[in-house]
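Throughout, a chain's letter reflects where its sequence line sits, starting with A, and its residues are numbered from 1.
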Amino acid sequence: MPRPRVAIFDFAGCEGCQLQIVNLEEALLDLLRVVDVVEWREAMSEQSDVFDIAVVEGAITRLEDEERLKRIRQKAPVLVALGSCASSGGLNKLKNRMAMSEARRLVYGRDGGVSRLDTAPVKAVSEVVKVDYLVRGCPIDRREFSYVVRCLALGREPFIPGYPVCVECRIRENACRWQEGEICLGPLTRAGCGAACPAQGAACLGCRGTCDDANLEGMASVLAQYGKSREELESRLAVFLDPDGKGVSHA
Amino acid sequence: MPRTVHLDIHPVTRVEGHGQLVVRASDGRVERAEWLVPEAPRFFEAMVRARRWDEIQPVVSRVCGICSISHSLAAVKAVEEALGVAISDDARMLRVLTHYSELLQSHVLHVGYLVAPDLMGAPSVVPLAQTNLDLVKKVVGLHRAANEWSDLLAGRTTHPLTLVPGGFTRVPAPRELEGLRRRLAGLVPMATELAEAVLAVAGAVPSFHRDTEYVALRQAGEYAFTRGDIASSDTDESRPAGEFESVANEYVTPQSTAKWTRWHRDSYAVGALARYNLNRAELLPLASKWAGMFGLGGHCDNPYMNSVAQLVECAQILEDSQRILDSLAGRDLKDTRVEVHPAAGEGASAVEAPRGILFHRYAFDEKGVCQSANLCIPTNQNHGNLQKDIESLVPGLLHLGQDEIRLRLEMLVRAYDPCISCSTHFLKVRFI
Amino acid sequence: MEGTLDSPARTSGGGDIYLPRPATLLSVSAMTASDAFFELALDGPEDLGHLPGQFVEVSVPGMGEAPISVCSSPTRKGSFQMLVRRIGSVTQALHRKSPGDKVGIRGPFGTSFPMEGELKGKNLLFVAGGIGLAPLRSAIQYALDRRGDFGRIAILAGTRSAAERLFTGELLEWKRRNDLTLLETVDQPSPGWAGQVGLITGLFGMLRLEPGPWAALVCGPPVMYRFVLRELRRLQVPSREVHVSLERRMKCGVGKCGHCQINGLYVCQQGPVFRAGDLFDLKEAL
Amino acid sequence: MTVKQMDPASLNGWVDGLLLNRTVIGPVQKGDKFVFESLSRASDLRLDYDTTLLPPKKFLLPSREILLTFRGDSHYASQAPPDPFVLLGVHPYDVAAIRQMDRVFSEKQVDTHYMARRGACTLVALDAQAVSPNNFAGCMGTATVREGWDLLFSRVGGAYLAEAATEKGESLLRSAGLLADAAPGQLEERDRLWESNRQAMRRHVLHCSPQDLPGLLSRNYDHPLWQERAERCFSCGACNVVCPTCYCFDVQDEVDWSLECGSRCRAWDGCLLRDFASVAGGHNFRRHSAERYRHRYYRKAKYLPEMTGEIACVGCGRCVDACVARTANPVEVYNTLLGD
Ligand SMILES: Cc1cc2nc3c(=O)[nH]c(=O)nc-3n(C[C@H](O)[C@H](O)[C@H](O)COP(=O)(O)OP(=O)(O)OC[C@H]3O[C@@H](n4cnc5c(N)ncnc54)[C@H](O)[C@@H]3O)c2cc1C
Ligand code: SF4
Ligand code: SF4
Ligand code: SF4
């Protein structure tokens, strides 16, 4: 079986997910034996138009980016969304909470007429083109990325948990953030990160998106037992899980 | 030799984010030499508005995946100032250590993965892994060590988890700190080998000088990274972090879509070379030795040497970390988080990110909800200066072949180590 | 403990119950767009030794394991057969295999249709929905190979479309036999299909069961059972004479992993073949 | 065998001695909670712990365990059995839970992986010296246990009493050197400790006897409580993960970078998780969270007891501690069904 050719592209984001690929360190050399990286602007000057797997990082914030993404999709037999920005729009979507007219007024009020600032509402990659696989997280988990790459090279479905972060969190015997007086979004968030945040004494912010059948109503009814306000919950949800303020989707 | 040159390099590869270089010359006359930033703006100041005080750090960490620790530090420091929080000395020292891990990681990444291929005539580190596996392994080893150092202190390498207003959510056990001390001591020989390998090909670093204003933090008695006042190589005057807007006077120029900054001249430079030029007297012995080895000298205005200054800083970081770890050894690190109470207020901070000085400012209402924010990022502060460098460099390159011109220009851009994904804040958003 | 080509694996009895035995694919053939038919034999001298209705856990290293019914009758020795629908990792990987390739086998597991026990001497009504024909086929073949042991045989088979019909060669053969009745239907009219159209329950009206001791053997998609059982009640087949084969999620096949529980029953232990009468009290069963 | 006595200092010395040549696992502090961990020195032990975040099952049925490794298409090898270890300081309710797991994994088809770990383990029980806030082992008959351990420690006054029940336990205790027999007064004191633990471990009080639970559930399959309580449930499986009697697992294959070699791992799974009963093709046999929520109580207090005769809940209270939604309390569920 020839090595699949992989091209890595980026859109609006912090490039932290690409950095996680670099951070595979020695395993990056292993990865390069399994796949043939033919384009990766951040790390190399080589470029190519022919590839089997497109890995796309970043959210889509401009019409011209939508066009570029569609061109990539046309050439890509398989497309992988890398990280929260690509998977869900990530916290870039916080911008969508501000009415576009307000954004424009604030921006053009001082330095009007700069066309690059005329950004569209932020979209996830899957809101523009079909996505075959999602590697979630802000940033992605290196082990999960490696695992997905190996699955793709083998031609199998990767197993990505649909259950909440609490599963992994309890397995790691972390102190539960709720008991420490914080709002933790672990019960609503898809696992796979190994409960990275609670393991460091920080509450889960929901960067991997909602778990299957996330019970938002349940969460709202639990708040009072912990003396928390709905306002505070909504502020947390806004960062990653529910940036549009529409209620957590079950996607 | 009259030459016609037509270059449009888009994107410039092996930099963080999308940058574009356009050069047009005919008959030996430069018509256009421009550095453009086509990256989509992300509106972080808008994004943090209405966030609560404890959500600022996680949000602004995502400005940049490479320097997320610097952004996090800048954010928690500014939030602490706004809310009137004082952290313990131990927490402050741990923060310096955490910051160092990122500086080392970023510098090794830049010099080892992004710049070395230029000096060794390769298109990327991938073919270098075939031809110079030993060197690549050293780079990988250093990078891994720096990342694991971040893991230990920040909870992970990118988008730190432990850095919160008030201190740390989790601190390493004494035995973990002792392990780190030993590990870092072992890195010095490895870093030395990397420096020697770079020195061997240092002849490939172009020689180009332009009289430049350099801006960096300065703090008496230390090579400043996390605290101090804003200083310039042009004057002895310095300003507190809270006055950063009067330093980074952002202005729009018809020449570029990116906003430029100016203090005493039309542009200034920040970054490792700026820090070196302002703080070289404070370098510890090993770093001083390396600076001499590379001939950085008393004051250096060759922007290509920024990568060398980064290497010198690697030595500084490793040496100073030993000092800090020695002083933390055997100490009880329990009081590393103080309670924070939301309050109305405003605060600003300045931190040296790997790519240069970084400013944050936030204002909060009495519930601790953010009302306004301003982030001023190093790469933004460099855009104007990079443009000026290009303008001054290109006429002298016209006798070269198109490929060589292209390489020299790309190398210049890379030497600045621009982090364009972070710099996509190029208009200040003020909420009224 | 090892199971390799050169050192025959231990059987599940004494050793590691999770260790597969290597087996070799003798033939692989596509049956429909999403179903493939496999003939395979364990490496080494042993026969699989299964009973009709039992299943095996099939391993493709790196992909995982999947429970698959043996669709051939133990009366036909030497090799065994399975029909696999491509639906996930393991089944996809199986579809990519060619003759000569290896897979791992654990089992046989579970209960079986009591062909040598109480079904002997009875009239048999087989009701197969879609891929449910696969496990039933092992019992059908068994009954045909020991034709004298059983009374009348009727087979009702339904699929969603004509293109999804399985074992079409055998169906044709069965159709031609005069010692059994085969009625077929497809859910939707399909080009080239001149036969019955409609749900499988529609076939019951066409069925004329002579008096005598009837037993029914039923396997199909989860939604099918309730409706088929209603028809069987109407035909006055006693529920203790109705044998259903059920599918559940299954990870170990040996009663440990907990996934296959229907209320208190384990499909891999007390099933997959159950007596319908034993399931009526179980709300999760049918 | 007779009951011996040991002062706390010599107990520590004995453990440090054991640590010279084997793994000893015991309760240690983590933040303001406790966990079982492999010890590096006896002084880290917290024998006064109230309960641990996870039960000691994690050393017998690890949360993630390699069952076999493979190379190519036809070479499978079982994972080698673990080295012997001492599991020290296990409270009676957890001993009772381990006995239940022993039965599951040894009956019919023997699970060699579990049994190898179990065989490698010397189980040293410890009567509880503190009671956790949600413990109700007293109601489940597991506040004390007279079997299932190799060695039992009980703290009476300033001393520990040590009783061995098996050869494994005896030989372990022998390594402590010559020990004095327990005085009759101390044995009486131990009886009083047992009685007081049976009373104290009733932080929630079940209003019926455990034996009545299967019958109670038989009558209440369609009770509105399942839906009502499940409305708050996140299907987060925390109650499964922390439960000493939950043992359901998932199995997944993973390959290394050669794409040829790899391992088949089992990992804890939980019946509260949405996909626990979903099959290929998308059908889910317990799609609604109320169905899964109910299943857990039925499994613990009806299905398994009907097979084994024992309620599969030992009253450790961990699920009550771990449930963010505060909806996982078995006693509340049963008492509500009882109409109280
Ligand atoms: C007793 C019995 C007999 C059977 N006989 C046959 C037969 O003869 N022929 C046949 O084709 N099939 C048969 N099946 C069905 C067959 O076992 C499944 O189709 C097979 O397991 C699918 O395996 P897979 O690896 O290809 O799919 P998988 O990749 O495992 O899964 C496909 C789907 O299953 C679900 N899923 C699987 N694992 C997980 C997980 N860990 N977490 C979340 N979701 C998961 C998901 O919804 C996924 O989309 C039988 C099943 C049983 C129980
Ligand atoms: S800390 Fe968060 S993720 Fe962990 S158990 Fe508690 S709620 Fe779940
Ligand atoms: S009952 Fe509680 S612990 Fe259990 S799955 Fe539901 S929310 Fe999680
Ligand atoms: S059900 Fe709850 S109380 Fe009972 S044994 Fe499990 S975790 Fe402990």
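- Between A:Gln200 and B:Thr162, the closest heavy-atom pair is OE1-CG2, 3.8 Å.
- The 12-atom threshold is exceeded at NZ of A:Lys75, counting heavy atoms of other residues, nucleotides or ligands nearer than 6.0 Å.
- Heavy-atom minimum distance, B:Ala50 versus A:Ser235: O-OG, 4.2 Å.
- Contact annotation for residues 153-161 of chain B against chain A (heavy-atom separation below 4.5 Å, listed by residue number): B:Gly155, B:Arg156, B:Thr157, B:Thr158, B:His159, B:Leu161.
- Within the model, atoms CG of A:Leu32 and CD of B:Gln130 stand 9.0 Å from one another, a figure rounded to the nearest 0.5 Å.
- Residue A:Cys17: no heavy atom, backbone or side chain, is found under 4.5 Å from chain B.
- B:Asn147 and A:Glu25 get closest at one heavy-atom pair: ND2-OE2, 2.9 Å.
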* **side chain to side chain contact (heavy atoms under 4.5 Å, CB included) assessment of A:Glu15 paired with B:Cys64** => CA-CA 7 Å; A:Glu15 305 195 10; B:Cys64 175; over 6 Å; no
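- Of the listed residues (A:Cys197, A:Ala196, A:Cys207), the greatest number of heavy-atom pairs within a distance under 4.5 Å of chain B belongs to A:Cys197.
- To the nearest 0.5 angstrom, B:Leu109 atom CG is 8.0 Å from A:Asn23 atom CG.
- Contacts of residues 53-60 of chain A with chain B at a heavy-atom distance below 4.5 Å are absent; not one residue qualifies.
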* Please lay out, stage by stage, how B:His143 and A:Val22 fare under the test side chain to side chain contact (heavy atoms under 4.5 Å, CB included). => CA-CA 9 Å; B:His143 193 248; A:Val22 175; 3.8 Å; yes
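- For A:Glu232, the side-chain contact (heavy atoms from CB on, under 4.5 Å) partners at least two apart in sequence or on another chain are A:Ile183, A:Lys228, A:Ser229, A:Arg236, B:Arg52.
- For the atom pair CG of A:Leu94 and CZ of B:Arg62, the computed distance is 11.0 Å after rounding to the nearest 0.5 Å.
- The most heavy-atom pairs under 4.5 Å with chain B, out of A:Gly16, A:Gly90, A:Pro139, come from A:Pro139.
- Interatomic distance, NZ of B:Lys137 versus CD of A:Glu26, reported as 8.5 Å (0.5 Å rounding).
- In this structure, chain B has a heavy atom under 4.5 Å from the side chain of A:Leu29, while its backbone stays farther away.
- Between A:Leu19 and B:Gln105 the shortest side-chain heavy-atom distance falls below 4.5 Å.
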* Let me see the working for A:Glu231 and B:Val369 under side chain to side chain contact (heavy atoms under 4.5 Å, CB included), right down to the final yes or no. => CA-CA 11 Å; A:Glu231 229 178 342; B:Val369 175; over 6 Å; no
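- A:Phe240 pairs by the ring pair (Phe, Tyr, Trp, His ring centres under 6.0 Å) definition with nothing, not counting sequence neighbours.
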